[in-house]
Amino acid sequence: MSVSISDYPIYLQDGLQLNREYVKSQESQIRKVFHKETLEISELSKKRENLRNRVNHTVMQLAASLSDTRAGILKEVREGKGRYDYSDVVNACGLSYAKLYSEIEQRYENEQKQYYKADGTLLTKEEEIEWLDMQYEQEVAWQKSCARIAAQGQFFQGHISEMPIEEIEELEDSFYQAKDVYRKLYQESRQSGRPLVLQNYVFGSDRMYEMLNRLGISEK
C-alpha cells in the first residue's frame, strides 16, 4: 500500500497501519523546509543581483585620471605641431578638468541610478566633483613645482639672472582661470551641441610665457 506526502509516495508493508497525525506532521515539516529553501534561494538571487549592480556602478576614483587626460591631450598637440609650450599645458589642464566634470554630470543625469565607492558605500555627485577639484589642485601644485625646480637649475647655471617668482605665481593663477573658462565652455557646448575641444586661449601675460618657455620644460 502507498500513500503520498507532498506528492512523494511512501510505501507501507502489509499489515502496518498509517498514523494520520504523524503523516500530517511530516507533511507540514516538508512544506516548511521547501518554503524556507525557496526563500533562501530567492534572497540569494537578490543579493547576487544587488552585488552585480553595485559592481557595475562602482566608480574608481583614480588619482592619476586628470593628469592622464592632460597627458593624452598634450600628446595630440605634440603630434600635430611637433611640440607644445606652457600655454598648451595650461589649456590642456583646463580642458581635462572640463572633460572629467562633464563625465560626472552625465553619470548623474539619471536620478534613479546610484553609484558606489570601491568600499561599497554610496557615492554622490558632490563627492566626485570635490575629488576632481582636489586632483586639479594637486596638478597645479605639481606644475608649479616643476617650473620652480627648472628655474632654480637655470638660475644656478647662470642662464637666467633671477628667479621668476612672480611668473610662477602668475602661472598658478592661469591654471585656475583655465579651469573656470573651460568649465563654462563645457556648459555652452552642451547647450549648443558643439564638441568640447582644446582652444588657444592665453591665460596670463606674454612675459610669463616667454620666461617659462625659456626654462626648457615644454616638449619638443
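Residue indices begin at 1 and follow the sequence shown. Being a predicted model, the structure only gives us computed values, none of them experimental.
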Would you call Asp133 and Lys179 a salt bridge, taking side-chain N to carboxylate O under 4.0 Å as the test?
-> yes
Shared hydrophobic cluster, Val89 / Val140 (ILVMFWY, side-chain heavy atoms < 4.5 Å) | yes
Inter-residue atom distance Ser87.OG - Gln199.CD, 0.5 Å rounding | 11.5 Å
Just how far is it from atom CG of Asn213 to atom CG of Leu215, taken to the nearest 0.5 Å?
-> 8.0 Å
Out of curiosity, Gln138 CD to Trp142 CH2, how far, rounded to the nearest 0.5 Å?
-> 12.5 Å
Matching residue for Lys144 among Glu169, Glu170, Glu167 - test: salt bridge (Lys or Arg N to Asp or Glu O under 4.0 Å) = Glu169
Qualifying residue, where the test is side-chain hydrogen bond (donor to acceptor under 3.5 Å, both in side chains) with Asn91 and the options are Tyr86, Tyr182, Tyr84, Tyr201 | Tyr182
Pairs involving residues 151-166, ordered by first then second residue, that meet salt bridge (charged side-chain N to carboxylate O under 4.0 Å, His left out) (sequence neighbours left out) | none
Ile165, Leu212: one ILVMFWY side-chain cluster at the under-4.5 Å cut-off?
-> yes
Lys/Arg-Asp/Glu bridge criterion (N-O < 4.0 Å) met for Lys125, Glu105 | yes
Roughly how far, to the nearest 0.5 Å, is the CG atom of Asp180 from the NZ atom of Lys184?
-> 10.5 Å
Group every Ile, Leu, Val, Met, Phe, Trp and Tyr by side-chain heavy-atom contacts under 4.5 Å, then state whether Met208 and Ile149 land in the same group.
-> no
Would you call Arg78-Asp88 a salt bridge at under 4.0 Å N-O?
-> no
